[in-house]
Amino acid sequence: MDEMNAPLHDEIFQVSSSGSESTSRIPSVNDNGCVWEESPDKIDVKLSIPGLRGQPPAALDLAITKNTATITAFGYGVWSCILRGECVPDSLSFSATDGNDMVPYIEVSLKKAKSGDRWGGFIAQIGEDSIL
């Protein structure tokens with residue numbers, strides 16, 4: 001009977017959530033270019049931004065602050081967003097590879113600043129400086 005009164009482990013309640021969002025600033029365009037999966041302590045994102053078509057993956061980089069992300073091509077900022085929550089910039093894991101139809105496939109993984117916070121997505125708003 002003691003097993004019935006034992007406390008449950010926190011791992012039992014750690015649920016992941018996932019979804020997709022548009023990477024376009026145009027409200028009527030839903031390209032589903034951002035696919036995300038979050039757990040209580042991190043978020044993993046896969047970006048496929050149509051405006052980057054033809055850009056070599058080796059020329060892409062990602063700059064992260066606690067609440068913004070900026071993709072650069074050849075050192076020029078070409079796409080940015082405000083994140084839905086705060087992250088730990090030093091935890092960034094980033095890779096860019098060849099994707100379908102010459103659109104680079106970008107993978108991002110970040111730790112959340114506050115473990116347990118639910119972002120419910122990755123992109124709060126596309127940056128005004130995005131030229132794509």
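Quick caveat: nothing in here was measured; it's all calculated off a predicted structure.
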Visitor: What closest approach, in Å, do Pro89 and Ile64 show between heavy atoms, and which atom pair accounts for it?
Guide: CB-O, 3.8 Å
Visitor: Give the intermediate values and the outcome of side chain to side chain contact (heavy atoms under 4.5 Å, CB included) for residues Asn100 and Tyr105.
Guide: CA-CA 8 Å; Asn100 295 331; Tyr105 185 70; over 6 Å; no
Visitor: For the backbone of Ser20 and the side chain of Asn32, can you confirm whether one donor and one acceptor N or O come within less than 3.5 Å of each other?
Guide: no
Visitor: Distance alone, cut at 3.5 Å: any donor-acceptor contact between the side chains of Thr23 and Asp31?
Guide: yes
Visitor: About how many Å separate CD1 of Ile49 and CH2 of Trp79, when rounded to the nearest 0.5 Å?
Guide: 4.5 Å
Visitor: CD1/Ile82 to OG/Ser80 distance, rounded to the nearest 0.5 angstrom?
Guide: 8.0 Å
Visitor: Between Arg84 and Glu38, does at least one N-O distance fall below 4.0 Å, as a salt bridge requires?
Guide: no
Visitor: Side-chain heavy atoms under 4.5 angstrom apart, residues restricted to Ile, Leu, Val, Met, Phe, Trp, Tyr: same cluster for Trp119 and Val35?
Guide: no
Visitor: Please evaluate residues Val108 and Leu92 with respect to the criterion side chain to side chain contact (heavy atoms under 4.5 Å, CB included), reporting the C-alpha separation (whole Å), side-chain torsions for both, the decisive distance (0.1 Å), and the verdict.
Guide: CA-CA 7 Å; Val108 179; Leu92 173 66; 3.8 Å; yes
Visitor: Rounded to the nearest 0.5 Å, how far apart are NZ of Lys46 and CD of Glu107?
Guide: 5.5 Å
Visitor: As an exercise, state the distance from CE of Met102 to CZ of Arg53, rounded to the nearest 0.5 Å.
Guide: 8.0 Å
Visitor: If only atom types and distance count, is the side chain of Glu21 paired as donor or acceptor with the main-chain N or O of Ile123 below 3.5 Å?
Guide: yes
Visitor: Please report the closest heavy-atom contact between Val88 and Ala113, naming both atoms and the distance.
Guide: CG2-CA, 3.9 Å
Visitor: Could you check whether any side-chain heavy atom of Pro40 comes within less than 4.5 Å of a side-chain heavy atom of Arg118, counting everything from C-beta outward?
Guide: yes
Visitor: Using the side chain to side chain contact (heavy atoms under 4.5 Å, CB included) criterion, which residues pair with Ser93? Sequence neighbours excluded.
Guide: Ser109
Visitor: Atom CG of Leu52 and atom CD1 of Ile71: how far apart are they, to the nearest 0.5 Å?
Guide: 6.0 Å
Visitor: Contact between Ser17 and Trp36 at the side-chain level, heavy atoms closer than 4.5 Å - yes or no?
Guide: yes
Visitor: Distance from Leu110 atom CG to Ile43 atom CD1, nearest 0.5 Å?
Guide: 8.0 Å
Visitor: Please name the pair of heavy atoms, one in Thr70 and one in Gly77, separated by the smallest distance, quoted to 0.1 Å.
Guide: CG2-CA, 4.3 Å
Visitor: Check whether any side-chain N or O of Lys112 sits under 3.5 Å from a backbone N or O of Ser39 as a donor-acceptor pair, and report yes or no.
Guide: yes
Visitor: Minimum heavy-atom separation for Ser22 and Ile126, please, with both atom names.
Guide: O-CD1, 4.2 Å
Visitor: Any heavy-atom pair between the side chains of Val45 and Cys34 that's under 4.5 Å?
Guide: yes
Visitor: Side-chain contact, heavy-atom cut-off 4.5 Å: Leu83 with Phe122?
Guide: yes
